[in-house]
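In what follows, a single structure is set out as C-alpha cells and then discussed.
Atoms considered below: every heavy atom in the structure, side chains included; atoms not considered: hydrogens, waters and symmetry mates. In what follows, chains carry the letters A, B, and so on, assigned in the order in which the sequence lines appear, proteins first and then strands, with residues in each chain numbered from 1. Since the structure is predicted, the reported quantities are computational estimates derived from the model, not experimental observations.
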Number of protein chains: 2
Amino acid sequence: MPAPRTPPAEKPGTQARAPRSRIQQRNRELILDAALEVFSTHGFRGATLDQIAAQAGLSKPNLLYYFDSKDTVHRALLTRLLDSWLDPLRKLDPMGEPQAEILSYMRRKLDMSRAYPRESRLFANEILQGAPRIEAFISNDLRALVDEKAQVIAGWAGAGRIAPVDPHHLIFSIWALTQHYADFAAQIGMIRGEGHDPFSGAGDFLDHLYARLLAP
Amino acid sequence: MPAPRTPPAEKPGTQARAPRSRIQQRNRELILDAALEVFSTHGFRGATLDQIAAQAGLSKPNLLYYFDSKDTVHRALLTRLLDSWLDPLRKLDPMGEPQAEILSYMRRKLDMSRAYPRESRLFANEILQGAPRIEAFISNDLRALVDEKAQVIAGWAGAGRIAPVDPHHLIFSIWALTQHYADFAAQIGMIRGEGHDPFSGAGDFLDHLYARLLAP
DNA sequence: AAGCTTCTTGACTGAATGGTCAAAGTTGAT
DNA sequence: ATCAACTTTGACCATTCAGTCAAGAAGCTT
C-alpha cells in the first residue's frame, strides 16, 4: 500500500495553508495573481470568478478546487497584503534622526506603491467600499500603530527637532501622496503621456516637499 | 382636443434632457442621488439596478422608465460631475498673486471634496478601473487645462515668485491630498474615531504645507 | 506497470441581474 | 368630468453568476 502523500488530507482550499505539491503552489499563485488583477480594478462585487479563472488560464471549477469561494480568494489576497501593510510605518525609528526617519518612511511607502500598484488599488477599492472586510485591521492594528508613531512624531516636534506639525495629518498626507501615484496611475498616464512612468519625478518632489515641511 | 403637454414627445429617458414635469424632476433627482450613493461605493459593475431602485424608493421598471439603462444612469452622473470638475483649476488666475492662487486652488479642491465626497469617490472608482468611460475627458480637456496651468506655475517659479517646483507634481499633490480626505474617509474615520470629522484640521495642515513648499 | 491520490472539466443548478412589456393607475388641461 | 398623456408596476425573459458534482485525466510512489 502506497503511503498517502499528505498525512491528514482535509479537502484542499478550505483555508490558507502551505501548498503541498508543485502544482498547488503554481496554481494558487496563478489564481491569486489573476484575482489581484481583477479585484484591484473592479472591486469585490464587480469581479467575477469567470473573469479571474480566464485571467489565470484555468477553468472555473478548477479555480474553485483551490479556493472554496470568491470570498476566500479575496480574503487570501487581503490577508497577504495586510501582513506587509504596516511594515513601512513600523520601521519608523523613534531613536533615529527625525527628518530622515520621516523621509525614509515616505520613501518606503512610495517604493511599495511603485512595486505593488495592484495591491495599492486593492486596498483603495476596499476603503472606497467602506472597508467592510478590513474594519478590524484598521480600527485595531493600524490605528494603534498610527497612534504610537504619531506620539513619536509629536515628541520630535515638541522638542523642536522638526517643525511643529499635526502628526496624524502628516501621516495621512504621506498615505495620500504615495498611494495616489499607484491608484490614479491611469489618470497620470493620460495627462503626462502614456509612455511616461507615472512615478518619475515623484520621489524627488516628495523628498523636497517633506524636507521643506519638516525643517525646524 | 387637448394640446399634448409635450410637443414632439420622443420616448423619455433616452438622453439627458430638461425634465418636463415636477414628477420627472423629482424622480430623476431621486435616481441620480441613489445611483451616486451606490456607484460611488461599489463601482459600475459592482452596483445593481435593484440596489439603486431600492435606494431611490422606486421599482426597477420605474427607474428604467427614466433612464434607458444602467449605463445611461452612470453616464448622467459622470457628465454632471465632469462639468464641474475643471472649475477649481480653471479659476487659477495667471494674473493673481502666485502663492495665494495656488493655496486658493487647493482650498477649492478641498472644499469640493468635503462638500461632494460621493462624487469624489465616483471619480476615484472610475480611475481605479482604468478610466474607461472618461478617457476622452482626461486625455483632452483635463490634460489641456493641466498643461496650461502648469505653464503658468512654471512661469511663476521661473520668475522667482514661488520656490522652484515641478508644476505637474504640484498639481498631482493637490489632487492626492484633497481627494484622500473624501476617498479614504472610512479609514480616517476608523483611525481618528468615528465621531471625528475626517476633514477637521485638514485645511490648516494643507495651508501650512503649501505655504512652506512655495515660499521663495 | 499498478494503484491510489491529486487535478481537471463538462454539464448542471438556483439565484441574481439587466432589461422588456402590456396593463393598470394617475395627472392635468380643457 | 373627460380623455389623452404621463407614470407605475407585476410578471416575465435571457443572460450571467457563484457554486456543485461526478466522471475522467494526470501524477506519484511503489
Side-chain angles (χ1 to χ4, degrees), chain A residues 1-14 17-31 34-35 38-39 42-77 133, chain B residues 1-14 17-31 34-35 38-39 42-77 133:
Chain A
M1 151 196 174
R5 243 175 299 163
T6 56
E10 343 149 26
K11 188 183 166 203
T14 306
R17 67 160 56 71
R20 298 194 173 87
S21 70
R22 230 161 293 127
I23 293 177
Q24 283 225 4
Q25 169 112 43
R26 187 179 55 91
N27 283 351
R28 275 174 180 277
E29 211 45 61
L30 278 174
I31 291 167
V38 177
F39 280 133
H42 292 290
F44 180 74
R45 293 191 26 181
T48 73
L49 287 181
D50 290 291
Q51 218 182 339
I52 296 171
Q55 175 93 18
L58 300 174
S59 66
K60 183 167 60 168
N62 203 5
L63 186 161
L64 286 163
Y65 172 76
Y66 291 101
F67 292 90
D68 279 357
S69 65
K70 186 182 179 180
D71 202 80
T72 307
V73 183
H74 193 250
R75 219 176 284 282
L77 280 177
R133 293 158 223 275
Chain B
M1 148 197 172
R5 246 176 294 163
T6 58
E10 343 148 28
K11 188 180 165 205
T14 306
R17 66 161 55 71
R20 299 195 170 87
S21 70
R22 230 161 292 122
I23 293 177
Q24 283 225 5
Q25 170 111 43
R26 188 178 54 89
N27 283 351
R28 275 173 179 277
E29 211 45 61
L30 278 175
I31 291 166
V38 177
F39 281 133
H42 292 290
F44 181 75
R45 294 192 24 183
T48 74
L49 287 180
D50 290 291
Q51 217 182 340
I52 296 171
Q55 176 91 20
L58 301 173
S59 66
K60 184 169 60 169
N62 202 6
L63 185 161
L64 285 163
Y65 172 75
Y66 290 101
F67 292 90
D68 280 355
S69 65
K70 186 182 178 180
D71 203 79
T72 307
V73 182
H74 193 251
R75 219 176 284 281
L77 281 176
R133 293 158 222 276

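- Computed from coordinates, the A:Y65 OH to C:dT6 P distance equals 7 Å when rounded to whole Å.
- Nucleotide D:dA26 holds its C1' atom 14 Å from the CZ atom of A:R22, rounded to whole Å.
- OP1 or OP2 of C:dC7 sits under 4.0 Å from a side-chain N or O of A:S21.
- Comparing A:R45 and A:S59, the nucleotide of DNA chain C nearest to each residue sits closer to the 5' end for A:S59.
- Once rounded to the nearest 0.5 Å, the distance linking CD1 of A:I31 with OH of A:Y65 reads 11.0 Å.
- Atom-to-atom, CG of A:D50 to P of C:dA16 comes out at 17 Å; the value is rounded to the nearest Å.
- D:dC12 atom C1' lies 14 Å from atom CG of B:L64, rounded to whole Å.
- Rounded to an integer number of Å, the gap from A:K60 NZ to D:dA18 C1' is 6 Å.
- Mapped onto DNA chain C by nearest heavy atom, B:K70 and B:I23 fall at different nucleotides, with B:K70 at the one closer to the 5' end.
- Between the CG atom of B:D71 and the P atom of C:dT17 there is a distance of 18 Å, given to the nearest Å.
- One finds no side-chain N or O of A:Q24 lying less than 4.0 angstrom from the OP1 or OP2 phosphate oxygen of C:dT6.
- Ring planes of A:H74 and A:F39: perpendicular class, angle over 60° (limits at 30 and 60°).
- The side chain of A:T48 lies closest to D:dA18 when the candidates are C:dT9, D:dG19, D:dA18.
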Worked verdict on A:I23 versus A:Y66 for side-chain contact (heavy atoms from CB on, under 4.5 Å): CA-CA 11 Å; A:I23 293 177; A:Y66 291 101; 3.6 Å; yes
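- Look at CZ on B:R26: it is 13 Å from C1' on D:dC6, rounded to the nearest Å.
- Between the P atom of C:dC21 and the CG atom of B:N62 lies a distance of 17 Å, rounded to the nearest Å.
- Listed pair B:N27 / D:dC6 fails the phosphate criterion, with no side-chain N or O lying under 4.0 Å from OP1 or OP2.
- Contacts of B:A47 with the nucleic acid, taken as non-hydrogen atoms under 4.0 Å apart, involve only primed sugar atoms and P, OP1 or OP2.
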side-chain contact (heavy atoms from CB on, under 4.5 Å) between B:K70 and B:I52, worked out: CA-CA 10 Å; B:K70 186 182 178 180; B:I52 296 171; 5.5 Å; no
Verdict with supporting geometry, A:H42 and A:T48, side-chain contact (heavy atoms from CB on, under 4.5 Å): CA-CA 9 Å; A:H42 292 290; A:T48 73; over 6 Å; no
